[in-house]
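Input: a single structure, listed below in structure tokens.
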Amino acid sequence: MPLARGDRPARCDGTGTEANRRRRRNRDLRRDGHRSHRGRRGRRADDEKIMTIITRFPPSPTGTLHVGSARTALFNFLFARAQGGKFLLRIEDTDRERSRAEYADQIIAAMKWLGLDWDGEIVYQSRNAGIHRQTAERLLEQGAAYRCFCTEESLEAKRVAMRTQGKPYRYDRTCRRLDHAESDRRAAAGERFVVRVIKPAGSAPPAPQVPASPTPAGGITYQDLLHGTITLREEDLDDIIVMKGDGRPLYHLAVVCDDIAAGVTHVIRGDDHLDNTPKQIVIYQALGEKLPTYVHIPLILGSDRKRLSKREGAENVLEYREAGFLPDAVLNFLALLGWSHPEGREILGRDELIRAFSLDRVGTAAAVFDLTKLRFLNGKHVHGGPPEARARLLADYLTRRGETPPSTADLSAMLKVNGERGDTLAEIADYVRFFWVRPKTYDEQAFKKFLEGRKDLVEKIRREFEALADFEGESMEIFFRDFSERGGLKFKEVGQAIRVMLTGKSVSPPIFQSAALLGRTETLLRIDAAQEALATQK
RNA sequence: GGGGCGGUAGGCGAAUGGUAGAGCCGCCGGCCUUUCAAGCCGGAGUCUGUGGGUUCAAGUCCCAUCCGCCCUGCCA
């Protein structure tokens with residue numbers, strides 16, 4: 001039974017406007033959608049009896065996992081997990097020409113990386129083609145669909161003709177007027193045909209889950225959890241094709257069949273499907289199946305307010321892994337695009353997301369993808385854990401990039417010194433790499449400012465490092481403060497000179513702790529190298 | 001062309017029809033400091049795309065308009 005029902009006592013008894021009624025109803029719907037079936041005290045088993053919520057994510061393997069799709073997957077995942085339901089993964093490879101196994105594998109890899117673990121086996125839609133075909137035949141037998149012998153070329157010509165006249169295109173239903181005998185004869189003769197489903201006409205459609213205002217001219221009215229009542233009039237619908245001329249099923253048929261087979265209760269998808277839903281509802285109705293609850297979430301846009309494109313940075317989820325982002329941070333960020341925590345919290349781990357998630361806090365406006373905020377959140381996630389965990393993450397990351405990082409124990413010590421510098425693993429690596437990679441060059445400006453013409457100072461610094469009794473960060477700092485004062489220098493000048501010599505840059509983790517970690521031998525070696533550079537430059 | 005959906009500071013977003021801009025990112029300034037982050041403190045940015053209407057009261061409901069996105073495929 002659908003969760004959202006219209007059988008509750010009327011609560012807007014004629015005092016409000018129709019609009020008010022509608023609004024309230026929408027609000028109620030949203031609430032029911034996320035509040036679960038589970039245990040409503042006092043309400044007995046009538047329609048609200050235990051029903052497991054089942055959501056699904058159905059990517060088509062015609063490309064890698066797009067961040068927008070990842071967010072759709074996330075919402076399905078979070079809703080199912082929050083409600084103790086199931087989250088299914090189905091690869092929609094119905095279009096054999098466009099689908100590629102490599103993409104399916106990449107999408108699966110991306111899902112795993114994100115930690116969006118699904119229940120049960122992955123369904124490959126193409127394997128259900130037989131069922132889809134049988135369903136089309138059943139539709140044909142029932143008279144809910146008909147064979148169409150029009151060629152693609154003639155259809156295209158009609159489309160162009162209508163468009164050039166500025167008129168809306170609809171299939172002219174030539175083949176719908178064919179009588180059965182002729183249709184059968186032509187089919188038997190081997191003529192190619194597609195199967196079209198007859199759009200509802202004339203009468204009002206059977207009431208969906210919640211009674212809505214009747215649609216005068218037929219058409220389809222349905223309830224969306226987020227958008228409320230969506231109506232498409234009869235003239236705005238068409239007799240859609242569900243089976244191609246080669247006998248292969250098409251998307252709208254395939255999703256409906258597979259969702260029914262899987263017992264999907266909630267269809268959470270991008271709002272680009274808002275207008276596709278009626279086409280699918282027609283099939284549900286012809287099949288006598290009850291509708292799932294529809295939840296159309298807004299799309300993600302690029303900074304130009306257009307559909308997120310490649311130049312916005314990565315649209316492929318796996319590219320974020322390469323750029324040094326953490327899956328939890330990506331999930332956190334994606335969740336915040338369209339959903340907000342009831343208490344306004346923003347830095348949330350996967351489990352916190354599951355605990356706090358509800359559909360009634362999902363908005364309806366498209367959101368712009370903001371890489372800066374993703375980076376901020378990633379910084380929070382990556383620095384949130386202990387240095388040891390970060391060390392493992394970083395080691396894996398570097399290894400994958402073909403670098404050879406130090407042991408995680410050593411890395412961990414370096415990261416402790418590094419503190420919270422760097423938002424991504426890539427940036428963190430840039431901060432700490434000097435520990436195990438000697439600077440080959442020096443930042444030009446820094447070299448000029450802090451080393452050039454300071455041979456004597458460098459020489460003195462070297463001597464002190466060599467003579468230092470205790471090669472430890474804090475005592476070194478105290479020593480060099482005193483050293484600066486004695487030499488009539490600013491501590492900053494000395495510190496920066498050392499920094500440039502040891503790291504090659506003017507920005508780095510605290511330099512004395514770094515030197516301590518580097519050790520006396522390495523520190524002296526680097527000063528020697530700097531002296532050499534100083535000498536050759538002259 | 002037809003239809004659907006959306007529009008609150010630069011971005012994400014709060015706000016039972018009741019003082020709008022909570023909170024976060026970013027930006028600017030300050031503190032801290034050996035550099036840079038982090039952290040803490042403060043600040044700018046504005047009146048909900050626009051115009052009507054309903055109401056004692058509208059970001060919220062209605063109409064129109066503009067803009068954006070989507071559908072209008074033998075793609076999904």
Side-chain angles (χ1 to χ4, degrees), chain A residues 16-20 22-23 27 58-60 62 92-95 97-99 125 148 150-152 155-156 159 162-170 192 194-195 224 227 230-233 235-238 240-246 248 250-252 254-255 270-276 278-279 296 298-299 301 303 305-307 333 336-341 343-347 363-377 379 383 418-423 427 431 446 477 480-481 484 490-496 498-500 503 505-512:
Chain A
T17 60
E18 163 59 23
N20 273 333
R22 197 175 85 178
R23 202 168 56 253
R27 209 160 49 214
S60 73
T62 50
E92 302 221 324
D93 54 352
T94 283
D95 186 332
E97 279 74 45
R98 296 186 196 198
S99 297
Q125 189 167 59
C148 174
C150 296
T151 63
E152 289 183 66
L155 257 19
E156 181 57 25
R159 232 185 325 262
M162 294 304 274
R163 281 305 290 272
T164 50
Q165 286 175 52
K167 288 181 188 160
Y169 170 76
R170 295 284 113 75
R192 256 174 95 92
V194 301
V195 176
D224 180 275
H227 296 270
I230 304 291
T231 299
L232 266 85
R233 291 165 315 200
E235 62 263 37
D236 296 320
L237 299 171
D238 206 351
I240 62 155
I241 299 174
V242 295
M243 188 68 74
K244 306 203 326 177
D246 61 4
R248 285 179 180 166
L250 249 14
Y251 170 68
H252 293 296
V255 251
D271 64 16
D272 49 340
H273 283 288
L274 230 23
D275 296 312
N276 284 330
K279 302 172 191 170
H296 288 100
L299 265 18
L301 307 177
S303 53
R305 290 239 152 236
K306 297 211 184 299
R307 195 170 207 168
F333 172 69
L336 257 20
L337 242 38
W339 172 83
S340 61
H341 188 281
E343 287 154 33
R345 291 183 53 204
E346 298 222 318
I347 298 160
T364 50
V368 172
F369 187 92
D370 182 9
L371 191 61
T372 313
K373 184 146 189 184
L374 205 210
R375 294 179 72 263
F376 165 80
L377 286 172
H383 295 297
N418 182 55
E420 298 189 26
R421 271 158 271 252
D423 283 332
E427 289 167 9
Y431 269 112
E477 182 186 329
F480 277 102
R481 274 186 196 282
S484 310
K490 282 187 191 145
F491 181 44
K492 181 177 169 175
E493 295 176 73
V494 176
Q496 284 300 75
I498 297 170
R499 190 185 309 281
V500 177
T503 71
K505 302 182 220 172
S506 62
V507 174
S508 83
I511 199 58
F512 296 108

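Protein chains get the first letters and strands the later ones, always in sequence-line order, with residue 1 at the start of each. Predicted, not measured: the structure shown is a model, and the values here were computed from it.
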Using modelled atom types only, decide if a donor and an acceptor are shared between the side chain of [X] and the backbone of [Y] within a distance under 3.5 Å.
X: A:Glu493; Y: A:Lys490; value: yes
X: A:Arg170; Y: A:Glu235; value: yes
X: A:Arg421; Y: A:Asn418; value: yes
X: A:His227; Y: A:His296; value: yes
X: A:Glu92; Y: A:Gln125; value: no

Using a 4.0 Å heavy-atom cut-off across all strands, classify [X] as base, sugar-phosphate, or nothing.
X: A:Asp272; value: sugar-phosphate
X: A:Leu337; value: sugar-phosphate
X: A:Thr372; value: sugar-phosphate
X: A:Val368; value: sugar-phosphate
X: A:Gly419; value: nothing
X: A:Arg305; value: sugar-phosphate
X: A:Arg375; value: nothing
X: A:Ser99; value: nothing
X: A:Ile240; value: nothing
X: A:Pro59; value: nothing
X: A:Tyr251; value: base
X: A:Gly166; value: sugar-phosphate
X: A:Gly338; value: sugar-phosphate
X: A:Glu343; value: nothing

Candidate nucleotides [options], ranked by approach to the side chain of [X] - the nearest:
X: A:Ala365; options: B:C25, B:C70, B:G6; value: B:G6
X: A:Pro510; options: B:A38, B:U35, B:U72; value: B:U35
X: A:Ser340; options: B:G13, B:G1, B:G3; value: B:G13
X: A:Arg98; options: B:U35, B:C74, B:C75; value: B:C75

Determine the interatomic distance between [atom1] on [N] and the same-named atom on [M]; round to the nearest Å.
N: B:A38; M: B:G26; atom1: P; value: 7 Å
N: B:A9; M: B:C5; atom1: P; value: 22 Å
N: B:A14; M: B:G29; atom1: P; value: 31 Å
N: B:G17; M: B:G1; atom1: C1'; value: 38 Å
N: B:G49; M: B:G7; atom1: P; value: 8 Å
N: B:C25; M: B:G45; atom1: C1'; value: 15 Å
N: B:G30; M: B:A37; atom1: P; value: 13 Å
N: B:C27; M: B:G68; atom1: C1'; value: 26 Å

*asked:* I'd like to know whether the aromatic ring centres of A:Phe512 and A:Phe480 sit less than 6.0 Å apart in this structure.
replied: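 Between A:Phe480 and A:Phe512, which both carry aromatic rings, the centre distance is below 6.0 Å.
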
Using both distances under 3.5 Å as the test, list the Watson-Crick or G-U wobble partner of [N], or none.
N: B:U54; answer: none
N: B:U35; answer: none
N: B:A22; answer: none
N: B:G6; answer: B:C67
N: B:G42; answer: B:C28

Integer-rounded Å distance: [N] [atom2] and [X] [atom1]:
X: A:Arg159; N: B:C75; atom1: CZ; atom2: P; result: 11 Å
X: A:Asp271; N: B:G68; atom1: CG; atom2: C1'; result: 12 Å
X: A:Leu274; N: B:C70; atom1: CG; atom2: P; result: 13 Å
X: A:Lys306; N: B:C70; atom1: NZ; atom2: P; result: 9 Å
X: A:Phe491; N: B:U33; atom1: CZ; atom2: P; result: 12 Å
X: A:Leu299; N: B:C69; atom1: CG; atom2: P; result: 11 Å
X: A:Leu250; N: B:A76; atom1: CG; atom2: P; result: 5 Å
X: A:Arg421; N: B:A37; atom1: CZ; atom2: P; result: 10 Å

*Classify the side chain of A:Asp236 versus the base of B:G2 as yes if they form a donor-acceptor pair under 3.5 Å and no if they do not.*
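Donor-acceptor pair under 3.5 Å: no.
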
_Ionic contact status for A:Glu97 with A:Arg248, cut-off 4.0 Å_ =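 Looking at A:Arg248 and A:Glu97, the cut-off is met.
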
_With a 4.0 Å cut-off on N to O distance, would you call A:Asp95 and A:Arg98 a salt bridge?_
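The answer is yes: the pair qualifies as a salt bridge.
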
*Contact nearer the 5' end of RNA chain B, comparing A:Glu346 with A:Pro168*: A:Pro168

*Residues A:Val242, A:Tyr251; criterion side-chain contact (heavy atoms from CB on, under 4.5 Å); working and verdict*: CA-CA 7 Å; A:Val242 295; A:Tyr251 170 68; over 6 Å; no

